[in-house]
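What follows is a short report on a single structure.
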Amino acid sequence: MNSRLAFWLPAMLRLFGVLMLSSVIGFFFGSISGLVAAALALAFIALMQLSYLYRLNSWLDDPDSARLPDGWGAWTDVFSRLYRMRRDDEKHQTELIEWLARFRQAMSLLPDGVVIMDDVLFLEWCNPAAERHLGLKLDRDEGMRVTNLIRNPDFMDYIILGRYEQPLILALKDRKLILQIIPFENRRQILVTHDATESERIEMMRRDFIANASHELRTPLTVINGFLEIAYLQPNLDSQTRMSHLKLMAEQGQRMQNLVEDMLTLTRLESVDYPMRPERVAIHSLLEQIQQEAEALSAGKHTITLHVDGPDINGSTDELRSAFGNLVSNAVRYTPTDGAIKISWIEANSGPQFIVQDNGIGIRPEHISRLTERFYRVDKSRSRETKGTGLGLAIVKHVLLRHSAALVIESTQGEGSLFKVKFPSNAVHHPQPVDQAS
Ligand code: ADP
């Protein structure tokens, strides 16, 4: 049955019933009684309709306060449809609230900032990243003009020029931000902020590294090219001069090789494709080898002692040889003739420790925190004189990072230095128990 018929049929039947009843009453009790009965019945029906209309009206005034009234006749259908509409509406509202909560949670996890503004830049909403980047506080700043909150001349110019297809790079509170405004809907705009401080820092480090490495390679290359040019232009040089030129060229060639090797080592240590495969590091024999190499480097100019009183550890022998070797060779290179160098391996409460102590030239305090930066040298000419690449302590830092170890440097200028490597106690190697059954 279609809905129009369903609505009209019972009403017509009811009207027909009233007419029939009043006709019967009129037939038996006279026409006046019939008319009165018909009028009474119609008045009753009208009253009923009015009472339902009144109940519907009161419910519509405050739908939350009362239950939807039960109906009669066509009202049953009206009320049940209204009830269904209300239930659907409540369901949609709940879904909308849940969706909004999910949206807000996702927005709060975003590393990029999102600010929603109206067409005249009044703040409507922003996520926590935008609060951090721009120094906003949603509770405090909602409804305020964004240009009054972000007081920066470049940002003002960006807004005035309105060239929103281009992002704006802004230095704000020690941060490098990339901002862009995206108009959406007719009367709203989104301001997106991206913190580029870290990527900018890495990019700068990369640029510095390339510049430094090129500079370091250029110096020995210039020396070698100079001697080659002399050899070419003056073929009759006496053999003694020629030999001294060849010696200097060989030294510069060696310097370039050391540099390239150190750069490759650093790149490998930083690479994620080069995971560490821990093995048992036989500390005693490793440190004995390092002591012998140090003695060869010192050529008898220093007293080098070794004291080992600690357990073996788990780690990479090659990487630790490189890190410990760099620390010991630094001690030799920065300690004048007749100096003393002590190498020790001990077990402290916090875990094993490798210590190199010298009584060499020492380091002024302002340099200490920067020593592990690539190519950082306290005294460039001294480092070159002693065949340093400026990458030794950067390599040490990366190796220790991979071993969860920490480097502590104590030094007094003119008195000497102490480089201490602290390993965590879980680095200690525990031999596997021997299987009794086998
Ligand atoms: P380099 O190849 O120049 O020695 P490193 O990275 O090994 O580079 O060391 C960085 C700088 O730290 C050195 O140039 C030197 O100035 C300083 N340094 C390192 N070890 C010592 C030490 N034992 N005594 C004094 N200065 C040191």
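Both counts, for ligands and for their atoms, begin at 1 and track the order of listing.
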Note to self: Suppose I only count heavy atoms of Thr389 and a 4.0 Å limit; which atoms of ligand 1 are within that range?
What the structure shows: 2 (O)
Next item on the list: Among all protein heavy atoms, pick the one closest to atom 3 (O) of ligand 1 and tell me residue, atom and distance.
Entry: Ser383 OG, 2.5 Å
Check: Would you call Arg377 and Glu216 a salt bridge, using N to O less than 4.0 angstrom?
Finding: yes
Note to self: For atom 17 (C) of ligand 1, what's the nearest protein heavy-atom neighbour? Residue, atom name and distance, please.
What the structure shows: Leu371 CD2, 4.0 Å
Check: Do the side-chain N and O atoms of Ser344 and His307 include a donor-acceptor pair separated by under 3.5 angstrom?
Finding: no
Notebook entry, point to check: Roughly how far apart are Leu123 CG and Ile150 CD1, rounded to 0.5 Å?
Noted result: 9.0 Å
Checklist line | Modelled atom types, side-chain donor and acceptor of Asp318 and Ser316, under 3.5 Å | finding: no
Note to self: Below 4.0 Å, non-hydrogen atoms only: which portion of Phe419 touches ligand 1? Side chain, backbone, both or neither.
What the structure shows: side chain
Check: Between Ile363 and ligand 1, does any nitrogen or oxygen pair lie at a separation below 3.5 Å?
Finding: no
Check: Backbone or side chain, does any N or O of Val378 fall under 3.5 Å from an N or O of ligand 1?
Finding: yes
Check: In terms of side-chain geometry, is the basic nitrogen of Glu270 or Arg374 positioned less than 4.0 Å from the acidic oxygen of its partner?
Finding: yes
Notebook entry, point to check: Relative to the heavy atoms of Arg333, which atoms of ligand 1 are at a distance of less than 4.0 Å?
Noted result: 1 (P), 2 (O), 4 (O)
Item checked: Proximity winner for atom 8 (O) of ligand 1, if only heavy atoms of Gly390, Gly360, Ser417 are counted -> Gly390
Next item on the list: Please write down residue, atom name and distance for the protein heavy atom closest to atom 21 (C) of ligand 1.
Entry: Tyr334 CD1, 3.6 Å
Notebook entry, point to check: How far is atom 11 (C) of ligand 1 from its nearest protein heavy atom, and which residue and atom name does that atom have?
Noted result: Tyr376 O, 3.7 Å
Checklist line | Arg377 neighbourhood, listing ligand 1 atoms whose heavy-atom distance to it stays under 4.0 Å | finding: 3 (O), 14 (O)
Margin query: Heavy-atom pairs closer than 4.0 Å: do any link ligand 1 to the side chain of Asp358, the backbone, both, or neither?
Written below: side chain
Notebook entry, point to check: Does a donor on one side chain sit under 3.5 Å from an acceptor on the other, for Ser329 and Glu293?
Noted result: no
Next item on the list: Quick one: pull up CZ in Arg84 and CZ in Arg81 and give me the separation to the nearest 0.5 Å.
Entry: 7.5 Å
Check: Can you say whether the rings of Phe354 and Phe324 are parallel (under 30°), tilted (30 to 60°) or perpendicular (over 60°)?
Finding: parallel
Next item on the list: Starting from atom 19 (C) of ligand 1, locate the nearest protein heavy atom and write down its residue, its atom name and how far away it is, to 0.1 Å.
Entry: Asn330 ND2, 3.5 Å
Checklist line | Protein heavy atom at shortest distance from atom 6 (O) of ligand 1 | finding: Leu393 N, 2.8 Å
Note to self: Check whether Gln353 reaches the backbone of Ala348 with its side chain - one donor and one acceptor, N or O, closer than 3.5 Å.
What the structure shows: no
Notebook entry, point to check: Based purely on interatomic distance, does Gly392 place a nitrogen or oxygen under 3.5 Å from a nitrogen or oxygen of ligand 1?
Noted result: yes
Check: Counting heavy atoms only, which part of His367 comes closer than 4.0 Å to ligand 1: side chain, backbone, both or neither?
Finding: neither
Next item on the list: Step through it carefully: locate the ring centre of Phe423, locate the ring centre of Trp345, and say whether they are under 6.0 Å apart.
Entry: yes
